[in-house]
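Some notes on the structure that comes next.
In what follows, every heavy atom counts, from backbone to side chain, and hydrogens, waters and symmetry copies are set aside. This is a predicted model, so every value here is computed, not measured. All ligand and atom numbering here is 1-based and tracks the order in the structure.
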Amino acid sequence: MNKQILSARLTLTRLALHDWELIHSIYSNPTLMKHIGTVKSDEEIRNNFEKELAPWSIESTHWLTWIIHETASGNNVGLISICTRDLEKPTAEIGFIILEAYKGKGYATEAIKLIIDFCADTLGFKKFIAVCSEEHKGSRRVLEKAGMILDEIIPENTQIDGKWVNDCFYSLERSG
Ligand SMILES: CC(C)(COP(=O)(O)OP(=O)(O)OC[C@H]1O[C@@H](n2cnc3c(N)ncnc32)[C@H](O)[C@@H]1OP(=O)(O)O)[C@@H](O)C(=O)NCCC(=O)NCCS
């Protein structure tokens, strides 16, 4: 579980204590949070961070997070997380954030494909889901490029900074 996960250009490492500054800078950045939710207080960010440092198993209710590094430079480029949503047909929700400086290089798509392969092959998940707002064209494109299918759009499903947004629900099934 703590081993690195590798793709052509990316190295994923399990979230660790030394990632605090990166995590704080991501969750307190209004641009990165624009389509995710209201920017949280330092205390809430720290509490979530500490929850995610706890040991994880498929029965856990907290998110399992990896930091995404660009293998060539070693730089942090973002994060990707999963959270178990169903145990009967093991299903994981995927969340992801790429830093502004690394957008548009295909890293989100590459990281999602990598994590789907890892979670299916190593953790036994059979289904993956992801949710994003209808207006978040970049995220929708990424999910489609990663092979996910749009199942439904639920109107006014989430409130972000006081504004109700329609949510797109994507999924992908994996056998084996
Ligand atoms: C959305 C996000 C994940 C994209 O990451 P990324 O590494 O740039 O994504 P990729 O390079 O793999 O792919 C982006 C795709 O979306 C497209 N795209 C980006 N912005 C777009 C827009 N406004 N309208 C239409 N397409 C858009 C790109 O052209 C590209 O598609 P292409 O390869 O066919 O040209 C990243 O900007 C991000 O983390 N944003 C902030 C956090 C966030 O919103 N996370 C998602 C939560 S649901």
(request) Decide whether His35 and Ser139 meet the rule of one side-chain donor and one side-chain acceptor closer than 3.5 Å. (result) no
Throw together a table of side-chain donor-acceptor distances under 3.5 angstrom for residues 93-102, partners on residues two or more places apart or in other chains.
residue, atom, partner, partner atom, Å
Glu93, OE1, Arg85, NE, 2.7
Glu93, OE1, Arg85, NH2, 3.0
Tyr102, OH, Asn75, ND2, 3.0

(message) Just so I know, are the side chains of Leu6 and Leu10 near enough to count as touching, which here means a heavy-atom distance under 4.5 Å?
(response) no
(message) When you group the ILVMFWY residues by side-chain heavy-atom contacts below 4.5 Å and let the links chain together, are Phe169 and Phe128 in the same group?
(response) no
(request) Check the side chains of Glu110 and Ser7 for a donor-acceptor pair under 3.5 angstrom, ignoring hydrogens and angles. (result) yes
(message) Show me, by chain and number, every protein residue that has a heavy-atom distance under 4.0 Å to ligand 1.
(response) Leu32, Ile36, Phe96, Ile97, Ile98, Lys103, Gly104, Lys105, Gly106, Tyr107, Ala108, Thr109, Val131, Cys132, His136, Lys137, Gly138, Ser139, Arg141, Val142, Lys145
(request) Using a 4.5 Å cut-off on heavy atoms from C-beta on, say whether the side chain of Trp66 contacts that of Phe118. (result) yes
